[in-house]
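Structure record follows, encoded as structure tokens.
Computed from heavy atoms alone, side chains included, the values below leave out hydrogens, waters and symmetry copies. We're numbering straight along the sequence, starting at 1.
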Amino acid sequence: QGAEEDVQAEQEWDGPEVEQTFYYFPVDPRTKKVSVNKVQCEVMAVNQAAKTCTLKNHVTKSTYKGVPWTDLKGDED
């Protein structure tokens, strides 16, 4: 029953909020491969309709646009 509650909690999530911090595995624009190193990013904007967001890397100040919510990782992931 605990697993069902977890699924419901994920389905009810309204997405990230601006200024929240998540970890993200960026995609290399040259190779189109996902990085093995996660980076800490801050949510700068949220697109509710597309379920995507814009992230800003805390270290390099790079921005990542159109990141699906499913690609965001919390501290425990």
Side-chain angles (χ1 to χ4, degrees):
Q1 211 177 31
E4 289 177 19
E5 290 172 8
D6 289 343
V7 170
Q8 285 178 346
E10 287 180 21
Q11 290 173 348
E12 293 171 7
W13 188 49
D14 292 332
E17 295 179 13
V18 174
E19 297 185 0
Q20 261 188 311
T21 300
F22 289 95
Y23 286 99
Y24 172 61
F25 291 89
V27 176
D28 186 314
R30 285 177 278 147
T31 64
K32 305 293 184 211
K33 292 185 179 180
V34 178
S35 172
V36 295
N37 300 318
K38 65 182 176 183
V39 294
Q40 191 173 21
C41 297
E42 179 180 341
V43 177
M44 303 303 291
V46 177
N47 181 336
Q48 292 283 343
K51 295 192 188 261
T52 61
C53 59
T54 299
L55 302 175
K56 183 175 183 179
N57 186 318
H58 279 267
V59 177
T60 65
K61 307 301 182 202
S62 300
T63 57
Y64 309 107
K65 296 182 179 180
V67 177
W69 296 352
T70 54
D71 288 356
L72 302 178
K73 306 294 181 198
D75 290 335
E76 70 281 349
D77 293 336

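Taken from SG in Cys53 to CD in Gln48, the straight-line distance is 10.5 Å, to the nearest 0.5 Å.
Between the Trp69 side chain and the Gly15 main chain, no donor and acceptor come within less than 3.5 Å of each other.
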Criterion side chain to side chain contact (heavy atoms under 4.5 Å, CB included) on Cys41 and Phe22, from CA distance to verdict: CA-CA 5 Å; Cys41 297; Phe22 289 95; 5.8 Å; no
Side chain to side chain contact (heavy atoms under 4.5 Å, CB included) between Val59 and Val39, worked out: CA-CA 8 Å; Val59 177; Val39 294; over 6 Å; no
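For the ring-ring contact (aromatic ring centres under 6.0 Å, His included) condition, no pair includes a residue of residues 31-52, sequence neighbours left out. Here ring-ring contact (aromatic ring centres under 6.0 Å, His included) pairs that include residues 30-63, with residues two or more places apart or in two chains, number zero.
Residues passing the side chain to side chain donor-acceptor pair (under 3.5 Å) test with Tyr64 are Asn57, sequence neighbours excluded. Here Pro68 pairs with Thr70, Asp71 under the side-chain contact (heavy atoms from CB on, under 4.5 Å) rule; sequence neighbours left out. Taking the side-chain contact (heavy atoms from CB on, under 4.5 Å) definition, one finds that Tyr23 meets it with Lys38, Gln40, Lys73, Asp75, sequence neighbours left out. Partners of Ala49 by side-chain contact (heavy atoms from CB on, under 4.5 Å), not counting sequence neighbours, listed by chain and number: Asn47. Looking at residues two or more places apart in sequence or on another chain, you find a side chain to side chain donor-acceptor pair (under 3.5 Å) between Ser62 and Thr60. Partners of Glu19 under the side-chain contact (heavy atoms from CB on, under 4.5 Å) rule, at least two apart in sequence or in another chain, are Glu42.
A heavy-atom distance below 4.5 Å is not found between the side chains of Thr54 and Val46. Side-chain contact between Tyr24 and Val67 is present, with heavy atoms from C-beta onward closer than 4.5 Å.
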